[in-house]
Every structure is written in structure tokens, then in C-alpha cells.
Amino acid sequence: MTSPSHEPPLQPPVDVALARVVPILPTAPPGRRLAYEPKFDGHRLLIFRLVDTVRMQARSGRIVTRAFPDLAAAARPLPPGTVLDGEVVVWAGGRTDFAAVQKRAFAASESRAGRLARELPASYAAFDLLAIGAEDLRPLPYEQRRARLMALLEPLGPPLQAVPMTTDPELAATWYASLLEIGIEGLVIKELDQPYRPGRHWRKVRHSETRDAVVVGVVGPRLRPRALALVLPGDDAPLISAPLSTAVRAQLSMALRDLPDPQPPPAELPTALDRVGAEIAYRPIAPDLTVEVRQEGTVRHAATRVMRLRIPD
């Protein structure tokens with residue numbers, strides 16, 4: 001047990017494990033087993049239950065505790081030293097709503113975060129347990145970490161819950177075919193004997209080459225932008241899209257005109273990386289628009305092309 005006078009050894013920021021995209025659902029070689037988990041369309045989040053508080057870290061290492069007061073309250077019953085890895089999701093109409101998650105993640109003030117927590121309550125889909133008490137579990141095989149995750153979270157229940165997992169490839173294939181309608185974008189595949197370590201050591205298979213992304217800024221004139229600053233599912237670090245087509249610029253012009261007047265821009269504009277890793281300044285806007293994008297490549301800084309504005313149903 002962790003002494004109440006000492007903070008647990010695993011503190012933020014922690015580098016997270018990632019997955020590389022594969023074209024088809026993999027199966028295990030003879031004598032090996034794989035674990036298959038649904039890939040939720042949400043916001044990657046690590047939860048740290050420290051001695052006297054709860055702290056939350058986004059994939060980039062940014063501390064985002066203020067944005068999720070409902071999850072911070074739900075995590076207080078966890079034993080000190082607990083570190084969870086998972087995805088924040090918001091359910092709306094029986095499916096996950098990525099745009100709603102990003103509104104939560106980018107809440108500009110404590111009062112807005114509290115209001116959004118009431119209007120758009122978050123759920124946390126935990127898929128790994130990195131530590132508990134004074135014990136760092138990352139060197140352990142995934143199978144052991146999964147068992148301890150289940151034992152930890154089962155007594156608590158929502159909004160903290162473990163993602164479903166199966167080692168049956170036929171059931172995994174059924175999940176892949178049937179869960180798209182509730183917003184599950186694919187499956188993540190892990191080896192049962194894998195430790196938890198940074199880098200793309202997991203695999204994932206997605207339903208489509210296109211994904212939804214949230215617009216957090218514009219490059220160029222506000223109502224006729226040349227490119228967009230975007231946040232993709234599972235990440236919180238904006239990236240710059242490829243140059244926009246004429247049709248997409250026309251769609252966005254009308255949508256941006258309907259947004260509330262922006263706050264005065266900061267004295268120093270934020271920057272995000274473009275396709276070749278160059279830093280581009282962008283004008284921030286409220287994360288109220290969602291676009292469909294296609295990534296031309298499999299690494300994060302490949303070209304991200306905006307296909308169309310996503311109109312709410």
C-alpha cells in the first residue's frame with residue numbers, strides 16, 4: 001500500500017502506447033493468442049489517482065483535469081496510485097459523439113466545463129491499468145494487467161468501466177461488422193504477453209479510410225480559410241489539413257459565418273504541424289464544427305484532406 005504521506009511513483013506526464021493501422025483483421029499465429037478490443041471514437045485520457053487529488057493527462061501530455069470534473073469525481077474512490085489508460089466518450093442518440101467529446105476537452109473555463117459536464121456527461125472506457133499503489137504494472141503482460149483492471153473497476157461501475165475484450169477471432173469479426181452503427185470505428189489488437197510501452201506496438205483496423213475530425217482553428221481569412229487546424233479522435237494535438245478544395249471552402253464559409261463572434265485572438269497565435277512537420281500559425285475557433293477527413297498515409301503527420309463538412313443529423 002502507498003503511504004498516505006508520499007505520492008505514488010508514476011506521475012504525469014506518461015508516454016502512451018499507440019497502434020499502427022493494418023488493412024485486415026489479424027489472426028494469431030499457431031500457439032499464440034491475441035486480444036481484440038473495440039476502438040472507441042473519443043479522446044485519449046490517462047487518469048492518475050494521487051494521494052489527495054485526481055489528475056488527468058491527454059495523449060500529448062497536456063493536463064486536462066479541469067475539463068472533466070465528472071470523471072475526476074468518479075475516480076476518487078480508486079486506490080491512491082491507480083493509473084488508468086482509456087478513452088473519454090460521450091453518448092448521444094445511442095452512439096458515440098466525437099464532436100461532443102471535443103467540446104468537453106476544450107472547455108475554456110471551469111464554469112463552462114461544469115455546465116458541459118451536466119449537458120454532455122462523459123463515460124470513460126478504460127483499456128489498461130498502468131499502476132496501482134506503489135506498483136508499476138507496465139512491465140507485466142497485457143493479460144495480467146487486464147485481469148487486474150477488471151477486478152478494480154467491476155465493483156465501481158459507470159462512468160468508469162473497462163472496454164469489452166475477446167480472444168475469440170470470430171467474435172471479434174462479429175464486433176467489427178456490427179458495432180459501426182454505434183460509433184465504434186474499428187478494433188485494437190494486442191498480444192496477450194505484451195508489456196505496456198510507448199510506440200506503435202498495438203495494431204488497429206478501421207472501417208473506413210475517412211474519419212471525423214473537429215475543427216479548432218482556421219489558417220487564413222476566418223470566413224474563407226485556406227486550411228484548417230483539426231483534432232482527430234484519440235488525440236488532442238491539432239494538426240493542419242491539406243489546402244481546402246473550393247467546394248469545402250464554400251461549405252465552411254457559411255458554417256463559420258453562423259458561429260458566434262470569436263473572442264479576440266491571443267497575442268501569440270498557436271501553431272500546429274502540417275504534413276511535412278512545419279509549424280503553421282492558426283486562428284483558434286470554438287470546437288463546434290466537425291468535418292470528414294481522409295488521411296493519405298498511416299503516420300500522424302501524413303496529409304489530412306478535408307472531404308466535406310459533417311452536417312448534424
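Look at Arg32 and Asp193 and you find a salt bridge, because one of the NZ, NE, NH1 or NH2 atoms lies within 4.0 Å of a carboxylate O, short of that distance. Glu292 has no carboxylate O lying under 4.0 Å from a charged side-chain N of Arg211, or vice versa, which leaves the two without a salt bridge.
A donor-acceptor pair under 3.5 Å is absent between the side-chain atoms of Thr166 and the main chain of Ala172, judged by distance alone. Judged by distance alone, with hydrogens and angles left aside, the side-chain atoms of Asp85 form no donor-acceptor pair with the main-chain N or O of Leu129 at under 3.5 Å. Remark: side-chain polar atoms of Thr82 are not paired, donor with acceptor, to backbone N or O of Arg49 under 3.5 angstrom. Between the side chain of Ser60 and the backbone N or O of Asp236, no donor-acceptor pair lies under 3.5 Å.
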**Study point:** Test side-chain contact (heavy atoms from CB on, under 4.5 Å) applied to Arg148 and Leu152, step by step
**Key:** CA-CA 6 Å; Arg148 295 181 68 166; Leu152 176 68; over 6 Å; no
Practice item. Test Leu289 against Gln251 for side-chain contact (heavy atoms from CB on, under 4.5 Å), laying out the working first. Key: CA-CA 11 Å; Leu289 297 179; Gln251 273 190 316; over 6 Å; no
Exercise for review: Apply side-chain contact (heavy atoms from CB on, under 4.5 Å) to the pair Leu34 and Thr167, showing each step before the final yes or no.
Suggested key: CA-CA 6 Å; Leu34 299 177; Thr167 57; over 6 Å; no
Exercise for review: Could you walk me through whether Val248 and Leu309 pass side-chain contact (heavy atoms from CB on, under 4.5 Å), step by step?
Suggested key: CA-CA 7 Å; Val248 169; Leu309 180 65; over 6 Å; no
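Glu185 pairs in a salt bridge (Lys or Arg N to Asp or Glu O under 4.0 Å) with only one of the listed residues (Lys39, Lys204, Arg95), which is Lys39.
Side-chain heavy atoms closer than 4.5 Å link hydrophobic residues (I, L, V, M, F, W, Y) into clusters, and following such links, even through other members, never connects Leu130 to Leu78. Linking ILVMFWY side-chain heavy atoms closer than 4.5 Å, directly or via other members, places Trp202 and Ile184 in a single hydrophobic cluster. In the hydrophobic clustering of this structure, Val188 groups with Trp175; members are Ile, Leu, Val, Met, Phe, Trp, Tyr whose side-chain heavy atoms approach within less than 4.5 Å, directly or through other members. Tyr196 and Phe48 fall within the same hydrophobic cluster, where Ile, Leu, Val, Met, Phe, Trp and Tyr residues are linked whenever their side-chain heavy atoms come under 4.5 Å apart, directly or through other members. Follow the hydrophobic side-chain contacts under 4.5 Å out from Ile63 and you never reach Leu10; the two are in separate clusters.
Taking CZ from Arg33 and CD from Glu143, the interatomic distance works out to 5.0 Å, rounded to the nearest 0.5 Å. Rounding to the nearest 0.5 Å gives a distance of 5.5 Å between CG of Leu153 and CG of Leu84. In this structure, CZ on Arg44 lies 9.5 Å from CD on Gln57, to the nearest 0.5 angstrom.
At least one side-chain heavy atom of Arg222 sits under 4.5 Å from a side-chain heavy atom of Arg283. Residues Thr304 and Leu239 form a side-chain contact, since some pair of their non-hydrogen atoms from C-beta on lies under 4.5 Å apart. Side-chain contact check for Thr65 versus Thr53: every heavy-atom pair is 4.5 Å or farther apart. Taking 4.5 Å as the limit, some side-chain heavy atom of Val219 sits within range of a side-chain heavy atom of Ile280. Side-chain contact between Pro8 and Val51 is present, with at least one heavy-atom pair separated by less than 4.5 Å. Two residues are said to be in side-chain contact when any heavy atoms from C-beta on lie closer than 4.5 Å; Leu230 and Val214 fail this criterion. Residues Val90 and Thr96 form no side-chain contact, since every pair of their non-hydrogen atoms from C-beta on lies 4.5 Å or further apart. Within the 4.5 Å cutoff, the side chain of Val218 has no heavy atoms near those of the Tyr282 side chain.
When all heavy atoms are compared, the tightest approach of Val306 to Ser241 is CG2-CB, 3.8 Å. The minimum heavy-atom distance linking Gly42 with Val89 is given by the pair CA-CG1, 4.2 Å.
Using bins of under 30°, 30° to 60° and over 60° for the plane-to-plane angle, the ring pair Phe68/His43 lands in the tilted bin.
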